[in-house]
Amino acid sequence: MEWELLGIILAGLASLTHYFFKIPVDFPSPSNLKDNREIRFDILRGFAMIGIVMIHIHSYFQFFHPKDHLVIHSTLFLSNISRFSVPIFILTSAIFLKKKSGYWKSKLNHLVLPYFIFSIFGYLIKYQNYSFSEFTFFFLFGKVFTPFYFVPLLIQFYILFYVLNSVFIRETWNFWILLLSFVINLVSNLGYLDPILPNVYHSISIFNYLFFFVLGISIVQRKSSVQNSNQNTNFILFVFFLVVVVLMILFSYLLEIDFKNHHLFYPIFMMMFVWIHLHNFRPKIAKILSYIGNHSLYIFLLHPFIIHFMHSFDPYIFGGPILGYIITLLLNVGLPVLISSIVQKGKILYQSHHFS
């Protein structure tokens with residue numbers, strides 16, 4: 001709650017700065033090119049996917065070296081600064097979402113089926129006393145591996161989009177729906193819905209991410225991307241970025257706070273900061289990030305297996321904490337991408353590039 005309230009203060013300061021100095025903001029929006037896929041959002045997904053892996057690496061290092069405070073605080077810092085990842089995935093999933101013929105067939109083949117298969121293997125590997133009722137519960141609530149909660153969460157948003165599609169696409173209602181979703185999300189983040197909702201539902205509650213999903217739909221409805229950013233915009237965002245980094249260092253190294261995935265203001269700020277600097281990326285880096293974003297499903301479903309097996313040996317065996325961290329990150333991103341490429345190119349199973 002404290003971090004969310006701090007986010008409100010920072011967002012208020014940013015809004016006042018924008019209002020008084022009339023600084024334009026280049027907010028993410030699709031381009032006018034209808035024939036090409038908007039790869040800039042794939043790049044955002046690539047960032048988010050790497051961030052998700054970094055969050056889980058922290059727990060891996062903490063498992064082996066809880067008393068190595070400098071290393072653990074450093075991995076905690078990297079984990080905390082990556083907490084924009086899940087909201088960005090929710091947002092980009094909404095951006096790529098379209099209600100069309102074969103809507104549910106696509107979701108079943110490209111998300112539910114692979115999630116079901118990986119859940120079965122994960123359950124057989126991770127647990128010993130098998131139970132059909134327990135597996136069903138784990139499958140429905142994404143508990144086979146901790147990161148799997150995201151799939152039931154995403155499926156709920158798919159259902160919401162399918163049922164309320166006619167409401168979401170009404171341009172005259174866009175602002176009010178966005179405002180309502182913001183209020184609901186904020187109330188949920190502050191914990192006021194927790195006593196009302198069942199405890200088992202908290203981890204997959206759509207109320208924790210509702211604003212980002214609606215914001216993604218709103219972004220799709222924007223007509224074009226207007227490049228309004230200037231030096232003042234970049235300077236102000238850079239200053240706020242430094243403020244956030246300093247706060248992250250304070251909370252990670254001194255207070256040892258492990259942030260949650262669902263906060264409203266930090267993910268929005270990070271999305272805008274990255275978006276404005278996309279044109280500064282080298283083509284190869286942009287291509288790599290886009291490629292990772294395109295293979296996010298396999299990375300998401302496979303990296304918990306890799307992390308699980310890696311708990312059999314100390315990450316420091318790779319050459320110490322720094323090199324061990326880098327190699328762990330490369331393994332958890334690179335191996336799933338390699339497997340995904342083999343499966344897709346060989347058409348062994350099916351072609352699946354995205355969550356949505």
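Atom set for the values below is all heavy atoms of this structure, side chains included, hydrogens, waters and symmetry mates excluded.
Contact between Pro152 and Gly142 at its shortest, heavy atoms only, is CG-N, 3.6 Å. Minimum heavy-atom separation, Ser340 to Tyr298: OG-CD1, 3.4 Å. Across every non-hydrogen atom of Leu108 and Pro114, the tightest pair is O-CD, 4.2 Å. The heavy-atom pair separating Asn80 from Met248 by the smallest distance is O-CE, 3.5 Å. Residues Phe212 and His263 approach most closely at CZ-O, 3.3 Å, considering heavy atoms. When all heavy atoms of Thr328 and Pro315 are compared, the closest pair comes out as OG1-CB, 4.4 Å.
Between Phe145 and Phe305, the ring center distance clears the sub-6.0 Å criterion. The aromatic ring centres of Phe64 and Tyr60 sit less than 6.0 Å apart. Aromatic ring centres of His73 and Phe77 lie farther apart than the 6.0 Å criterion allows.
How far CD1 of Ile217 is from CG of Leu97: 7.0 Å, rounded to the nearest 0.5 Å. Note: Asn189 CG to Phe182 CZ = 9.5 Å, rounded to the nearest 0.5 Å. To the nearest 0.5 Å, the span separating CD1 on Ile90 from OG on Ser85 amounts to 12.0 Å. Rounding to the nearest 0.5 Å places CD1 of Ile327 at 12.0 Å from CG of Asn332. The CG atom of Leu338 sits 11.5 Å away from the CD1 atom of Ile299 when rounded to the nearest 0.5 Å. The distance from the CG atom of Leu160 to the CG atom of Leu154 is 11.5 Å, given to the nearest 0.5 Å.
The 12-atom threshold is exceeded at OH of Tyr130, counting heavy atoms of other residues, nucleotides or ligands nearer than 6.0 Å. No more than 12 heavy atoms of other residues, nucleotides or ligands lie within 6.0 Å of CZ in Phe116, so this atom counts as exposed by the packing criterion. No more than 12 heavy atoms of other residues, nucleotides or ligands shown are found within 6.0 angstrom of CD1 on Ile322. Heavy atoms from other residues, nucleotides or ligands lying under 6.0 Å from OH of Tyr201 number more than 12.
A donor-acceptor pair under 3.5 Å is formed between the side chain of Asn294 and the backbone N or O of Ser290. Ser59 places a side-chain N or O within donor-acceptor distance of the main-chain N or O of His56, the cut-off being under 3.5 Å. Checked by atom type and distance alone, the side chain of Ser341 pairs as donor or acceptor with a backbone atom of Val337 at under 3.5 Å. With Ser82 contributing its side chain and Leu78 its backbone, the two residues share a donor-acceptor pair below 3.5 Å. The backbone N or O of Tyr103 sits nowhere less than 3.5 Å from a side-chain atom of Ser106 that would complete a donor-acceptor pair. Remark: the backbone N or O of Pro336 is not paired with any side-chain donor or acceptor of His303 at under 3.5 angstrom. At distances below 3.5 Å, not a single donor-acceptor pair connects side-chain atoms of Ser188 with backbone N or O atoms of Ile184. With His311 contributing its side chain and Ile307 its backbone, the two residues share a donor-acceptor pair below 3.5 Å. For the pair Asn185 (side chain) and Phe207 (backbone), a donor-acceptor distance under 3.5 Å is present. Checking side-chain atoms of Lys143 against main-chain N and O of Tyr149 turns up no donor-acceptor pair under 3.5 Å.
The aromatic rings of Phe61 and Tyr325 are tilted relative to each other, their planes meeting at an angle between 30° and 60°. Classified by interplanar angle (parallel below 30°, tilted 30° to 60°, perpendicular above 60°), the ring pair Phe168/Phe213 is perpendicular.
Cluster annotation: Ile326 and Ile285 are assigned to distinct hydrophobic clusters (Ile/Leu/Val/Met/Phe/Trp/Tyr, side-chain heavy-atom contacts under 4.5 Å, transitive). Residues Tyr192 and Leu210 share a single hydrophobic cluster, defined by chaining ILVMFWY side chains whose heavy atoms lie under 4.5 Å apart. Under the 4.5 Å side-chain heavy-atom criterion for Ile, Leu, Val, Met, Phe, Trp and Tyr, Met271 and Ile55 are members of distinct hydrophobic clusters. Note on Leu76 and Val246: separate hydrophobic clusters, where clusters join Ile, Leu, Val, Met, Phe, Trp and Tyr whose side-chain heavy atoms are under 4.5 Å apart, directly or indirectly. When hydrophobic clusters are built by joining Ile, Leu, Val, Met, Phe, Trp and Tyr residues whose side-chain heavy atoms come closer than 4.5 Å, directly or via intermediates, Leu335 is grouped together with Phe148.
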Using side chain to side chain contact (heavy atoms under 4.5 Å, CB included), reason through Trp104 and Lys107 one step at a time and then give a plain yes or no.
CA-CA 5 Å; Trp104 284 117; Lys107 301 298 176 284; 4.1 Å; yes
TODO: For His65 and Asp314, run side-chain hydrogen bond (donor to acceptor under 3.5 Å, both in side chains): C-alpha distance rounded to whole Å, both residues' side-chain angles, the deciding distance at 0.1 Å, then the answer.
DONE: CA-CA 9 Å; His65 299 280; Asp314 192 324; 2.8 Å; yes
Show your working on side chain to side chain contact (heavy atoms under 4.5 Å, CB included) between Tyr115 and Leu297 and close with a plain yes or no.
CA-CA 9 Å; Tyr115 168 63; Leu297 176 60; over 6 Å; no
Chi angles and distances behind the side chain to side chain contact (heavy atoms under 4.5 Å, CB included) call for His202, Leu197 | CA-CA 7 Å; His202 287 175; Leu197 301 172; 4.0 Å; yes
| query | Given the rule in the side-chain hydrogen bond (donor to acceptor under 3.5 Å, both in side chains) test, do His58 and Thr75 qualify, once you have shown the distances and angles that lead to the verdict? | reply | CA-CA 5 Å; His58 167 63; Thr75 59; 2.8 Å; yes
For this session: Mind running side chain to side chain contact (heavy atoms under 4.5 Å, CB included) on Leu91 and Ile219 for me, showing each step along the way?
Result: CA-CA 9 Å; Leu91 183 145; Ile219 287 175; 4.1 Å; yes
Practice item. Show your working on ring-ring contact (aromatic ring centres under 6.0 Å, His included) between Phe138 and Tyr127 and close with a plain yes or no. Key: CA-CA 11 Å; Phe138 284 179; Tyr127 303 93; 5.2 Å; yes
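Residues Ser296 and Phe89 meet the side-chain proximity criterion, which asks for heavy atoms closer than 4.5 Å. Phe300 places a side-chain heavy atom less than 4.5 Å from the side chain of Val151. Side-chain atoms of Arg45 and Ile88, non-hydrogen and from C-beta on, never get closer than 4.5 Å to each other. Inter-residue side-chain proximity for Ser203 and Phe141 is flagged as unmet; no heavy-atom pair is nearer than 4.5 Å. Counting heavy atoms from C-beta on, the side chains of Ser205 and Asn208 come closer than 4.5 Å. By the 4.5 Å heavy-atom criterion applied to side chains, Phe259 and Tyr266 are not counted as neighbours. Looking only at side-chain heavy atoms (C-beta outward), Phe150 and Ile204 stay at 4.5 Å or farther from each other. For the pair Leu331/Phe318, a side-chain contact is recorded, criterion being any heavy-atom separation below 4.5 Å from C-beta on.
For Asp258, the side-chain hydrogen bond (donor to acceptor under 3.5 Å, both in side chains) test picks out Arg83, with sequence neighbours left out.
A side chain to side chain contact (heavy atoms under 4.5 Å, CB included) with Phe47 holds for exactly one of Leu289, Ile52, Ile292, Asp42; it is Leu289.
A cation-pi geometry, defined here as NZ or CZ lying under 6.0 Å from the six-membered ring centre and within 45° of its normal, holds between Lys99 and Tyr162.
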